[in-house]
Asker: 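Submitted below is the structure of interest, expressed as C-alpha coordinates.
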Amino acid sequence: CHLDDLPDGGARGFDPQRPGAAPMLVVRRGRQVHGYVDACPHQGTPLAWRRDAYLDAARERIVCAAHGALFEIGTGRCVLGPCLGDALTPVALTLTDDGEVHLAANTPQETHP
(Lines give C-alpha, C1' and ligand atoms only; values in the text may rest on other atoms or scores of the structure.)
Protein backbone atom coordinates (compact mmCIF):
# COMPACT_ATOMS: atom_id res chain seq x y z
CA CYS A 1 0.00 0.00 0.00
CA HIS A 2 1.02 3.62 0.02
CA LEU A 3 1.84 5.39 3.28
CA ASP A 4 -1.09 7.74 2.61
CA ASP A 5 -3.43 4.71 2.71
CA LEU A 6 -2.58 4.31 6.40
CA PRO A 7 -3.97 6.90 8.81
CA ASP A 8 -1.14 8.58 10.73
CA GLY A 9 -1.45 7.32 14.30
CA GLY A 10 -3.75 4.52 13.17
CA ALA A 11 -3.68 0.90 12.06
CA ARG A 12 -5.04 -1.24 9.26
CA GLY A 13 -5.32 -4.96 8.55
CA PHE A 14 -4.03 -6.56 5.35
CA ASP A 15 -3.74 -9.89 3.61
CA PRO A 16 -1.33 -9.74 0.68
CA GLN A 17 -2.62 -13.08 -0.62
CA ARG A 18 -6.37 -12.99 0.11
CA PRO A 19 -8.24 -9.70 -0.29
CA GLY A 20 -10.80 -9.17 2.45
CA ALA A 21 -8.97 -11.11 5.17
CA ALA A 22 -6.46 -9.62 7.61
CA PRO A 23 -3.67 -11.96 8.72
CA MET A 24 -1.40 -8.98 9.43
CA LEU A 25 -1.74 -5.45 10.71
CA VAL A 26 0.27 -2.32 10.03
CA VAL A 27 0.50 0.61 12.44
CA ARG A 28 1.71 4.00 11.20
CA ARG A 29 3.53 6.63 13.25
CA GLY A 30 4.58 9.43 10.90
CA ARG A 31 6.99 7.82 8.43
CA GLN A 32 7.46 4.74 10.60
CA VAL A 33 5.42 1.59 10.00
CA HIS A 34 5.25 -1.47 12.23
CA GLY A 35 3.83 -4.78 11.00
CA TYR A 36 2.64 -7.77 13.02
CA VAL A 37 0.79 -11.03 12.45
CA ASP A 38 -2.85 -10.50 13.46
CA ALA A 39 -2.86 -13.12 16.21
CA CYS A 40 -2.62 -12.66 19.96
CA PRO A 41 0.15 -14.78 21.52
CA HIS A 42 -2.27 -15.75 24.32
CA GLN A 43 -4.64 -17.91 22.24
CA GLY A 44 -3.95 -17.00 18.62
CA THR A 45 -7.18 -15.03 18.21
CA PRO A 46 -7.38 -12.04 15.86
CA LEU A 47 -6.69 -8.77 17.66
CA ALA A 48 -9.27 -6.34 16.27
CA TRP A 49 -12.83 -6.16 17.62
CA ARG A 50 -13.97 -4.78 14.25
CA ARG A 51 -12.27 -4.11 10.93
CA ASP A 52 -9.03 -2.13 11.43
CA ALA A 53 -9.78 -1.50 15.15
CA TYR A 54 -6.39 -2.57 16.52
CA LEU A 55 -5.52 0.31 18.84
CA ASP A 56 -6.74 1.39 22.25
CA ALA A 57 -8.80 4.59 22.59
CA ALA A 58 -5.67 6.71 23.12
CA ARG A 59 -4.01 5.12 20.05
CA GLU A 60 -0.94 4.36 22.17
CA ARG A 61 -1.08 0.55 22.26
CA ILE A 62 -2.27 -2.37 20.16
CA VAL A 63 -5.08 -4.11 22.01
CA CYS A 64 -6.44 -7.65 21.83
CA ALA A 65 -10.23 -7.46 21.82
CA ALA A 66 -10.59 -11.01 23.20
CA HIS A 67 -8.87 -10.54 26.58
CA GLY A 68 -7.71 -6.92 26.72
CA ALA A 69 -3.98 -7.53 26.37
CA LEU A 70 -2.02 -4.39 25.48
CA PHE A 71 1.05 -4.38 23.23
CA GLU A 72 3.71 -1.74 22.57
CA ILE A 73 3.43 -0.46 19.01
CA GLY A 74 7.17 -0.29 18.36
CA THR A 75 8.11 -3.70 19.74
CA GLY A 76 4.91 -5.76 19.86
CA ARG A 77 5.72 -6.68 23.48
CA CYS A 78 2.74 -7.36 25.75
CA VAL A 79 2.74 -4.91 28.66
CA LEU A 80 -0.62 -5.83 30.22
CA GLY A 81 -2.84 -8.89 30.11
CA PRO A 82 -2.71 -12.68 30.07
CA CYS A 83 0.33 -12.85 27.76
CA LEU A 84 2.48 -10.37 29.74
CA GLY A 85 6.06 -10.49 28.48
CA ASP A 86 5.17 -12.31 25.25
CA ALA A 87 5.16 -10.43 21.96
CA LEU A 88 3.30 -10.22 18.69
CA THR A 89 5.03 -11.86 15.74
CA PRO A 90 6.68 -9.09 13.69
CA VAL A 91 6.21 -8.75 9.94
CA ALA A 92 9.19 -7.04 8.28
CA LEU A 93 8.20 -4.07 6.14
CA THR A 94 10.10 -1.65 3.96
CA LEU A 95 9.17 1.94 3.17
CA THR A 96 10.40 3.37 -0.13
CA ASP A 97 11.43 6.99 -0.59
CA ASP A 98 8.19 7.65 -2.48
CA GLY A 99 6.06 6.27 0.39
CA GLU A 100 5.30 2.72 -0.79
CA VAL A 101 5.01 0.16 2.01
CA HIS A 102 6.08 -3.38 1.07
CA LEU A 103 6.64 -6.70 2.76
CA ALA A 104 10.37 -7.19 3.15
CA ALA A 105 11.80 -9.83 0.81
CA ASN A 106 12.68 -12.19 3.69
CA THR A 107 9.20 -12.15 5.31
CA PRO A 108 7.66 -15.62 5.40
CA GLN A 109 4.09 -15.74 4.10
CA GLU A 110 1.42 -18.31 4.76
CA THR A 111 -0.03 -20.13 1.82
CA HIS A 112 -3.79 -20.29 1.60
CA PRO A 113 -5.84 -22.88 -0.26
Side-chain angles (χ1 to χ4, degrees):
C1 71
H2 194 275
L3 191 62
D4 292 340
D5 296 331
L6 301 166
D8 194 1
R12 188 170 161 201
F14 290 93
D15 186 336
Q17 296 182 349
R18 289 188 333 172
M24 63 176 283
L25 66 123
V26 178
V27 183
R28 176 182 175 194
R29 292 288 184 257
R31 286 199 51 87
Q32 291 185 330
V33 289
H34 305 279
Y36 298 100
V37 172
D38 185 6
C40 181
H42 176 226
Q43 291 185 331
T45 57
L47 297 164
W49 63 277
R50 67 174 168 77
R51 186 179 179 113
D52 299 332
Y54 292 100
L55 303 180
D56 63 4
R59 296 178 171 240
E60 294 176 350
R61 304 265 191 251
I62 299 166
V63 63
C64 175
H67 297 102
L70 295 176
F71 302 87
E72 293 177 336
I73 291 172
T75 66
R77 188 174 63 91
C78 181
V79 294
L80 181 72
C83 51
L84 186 64
D86 287 341
L88 299 172
T89 302
V91 174
L93 303 172
T94 59
L95 180 62
T96 65
D97 290 339
D98 61 348
E100 292 290 324
V101 180
H102 297 274
L103 286 171
N106 61 349
T107 300
Q109 296 183 35
E110 293 180 31
T111 56
H112 299 282

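What you see is a predicted model, and the numbers here were worked out from it, not measured in a lab.
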Asker: Tell me if a side-chain donor or acceptor on R28 pairs with a main-chain N or O of L3 at a distance below 3.5 Å.
Answerer: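 Yes; at least one donor-acceptor contact below 3.5 Å.
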Asker: Determine yes or no for a side-chain-to-main-chain donor-acceptor pair under 3.5 angstrom, with Y36 supplying the side chain and M24 the backbone.
Answerer: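 Between the backbone of M24 and the side chain of Y36 there is no qualifying donor-acceptor contact (under 3.5 Å).
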Asker: Mind listing the closest non-hydrogen atom pair of C78 and C83 along with its distance?
Answerer: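 In this case the closest contact between C78 and C83 is CB-O, 3.3 Å.
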Asker: Measuring from D8:CG to R31:CZ, what's the distance to the nearest 0.5 Å?
Answerer: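 These two atoms lie 11.0 Å from each other.
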Asker: Calculate, to the nearest 0.5 Å, the distance between atoms CZ and CG belonging to R12 and D5 respectively.
Answerer: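 If we round to the nearest 0.5 Å, R12:CZ and D5:CG are 5.5 Å apart.
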Asker: Consider only side-chain heavy atoms of I, L, V, M, F, W and Y, link residues closer than 4.5 Å, and tell whether L103 and F14 are in one cluster.
Answerer: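 The answer is yes; both residues are in one hydrophobic cluster.
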Asker: Is H102 reaching over with its side chain to a backbone N or O of A104, donor-acceptor style, under 3.5 angstrom?
Answerer: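 Flag not set: sc H102 to bb A104 has no pair under 3.5 Å.
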Asker: Which heavy-atom pair separates V79 from R61 by the least distance, and what is that distance?
Answerer: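 Closest approach of V79 to R61: CG2-NE, 3.6 Å.
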Asker: Check A69 against P82 and note the closest heavy-atom contact, atom names and distance.
Answerer: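 Closest approach of A69 to P82: CB-CD, 4.2 Å.
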Asker: Do the side chains of Y54 and V27 get nearer than 4.5 Å, heavy atoms only?
Answerer: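 V27 vs Y54: side chains apart.
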Asker: Is there a side-chain contact between L55 and V63 (heavy atoms, below 4.5 Å)?
Answerer: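 L55 does not reach V63 side chain to side chain.
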Asker: What residues, two or more places apart in sequence or in another chain, satisfy side chain to side chain donor-acceptor pair (under 3.5 Å) together with E100?
Answerer: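 Not a single residue meets the side chain to side chain donor-acceptor pair (under 3.5 Å) criterion with E100.
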Asker: Is there side-chain contact between V91 and L93, with heavy atoms separated by less than 4.5 Å?
Answerer: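 When only atoms from C-beta onward are counted, L93 and V91 do touch, with a gap below 4.5 Å.
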Asker: Going from CD on E60 to CZ on R29, what distance comes out if it is rounded to the nearest 0.5 angstrom?
Answerer: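 If we round to the nearest 0.5 Å, E60:CD and R29:CZ are 8.5 Å apart.
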Asker: Quick check: do L47 and I62 have side-chain heavy atoms less than 4.5 Å from each other?
Answerer: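 The answer is yes; the side chains approach within 4.5 Å.
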Asker: Roughly how far, to the nearest 0.5 Å, is the CG atom of D52 from the CG atom of L25?
Answerer: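 Answer for the CG-CG pair, L25 versus D52, is 9.5 Å.
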Asker: Among all residues two or more places apart in sequence or in another chain, which pass the ring pair (Phe, Tyr, Trp, His ring centres under 6.0 Å) test with H67?
Answerer: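 Partners of H67 by the ring pair (Phe, Tyr, Trp, His ring centres under 6.0 Å) criterion, ordered by chain and then number, come out as H42.
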Asker: Just how far is it from atom CZ of F71 to atom SG of C64, taken to the nearest 0.5 Å?
Answerer: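 Output value for this atom pair is 6.0 Å.
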Asker: Hey, is the main chain of P46 close enough, under 3.5 Å, to the side chain of D38 for a donor-acceptor pair?
Answerer: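 No: the side chain of D38 does not pair with the backbone of P46.
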Asker: Could you tell me the separation between the CG atom of L88 and the OG1 atom of T75, rounded to the nearest 0.5 Å?
Answerer: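 Reported value, rounded in 0.5 Å steps: 8.5 Å.
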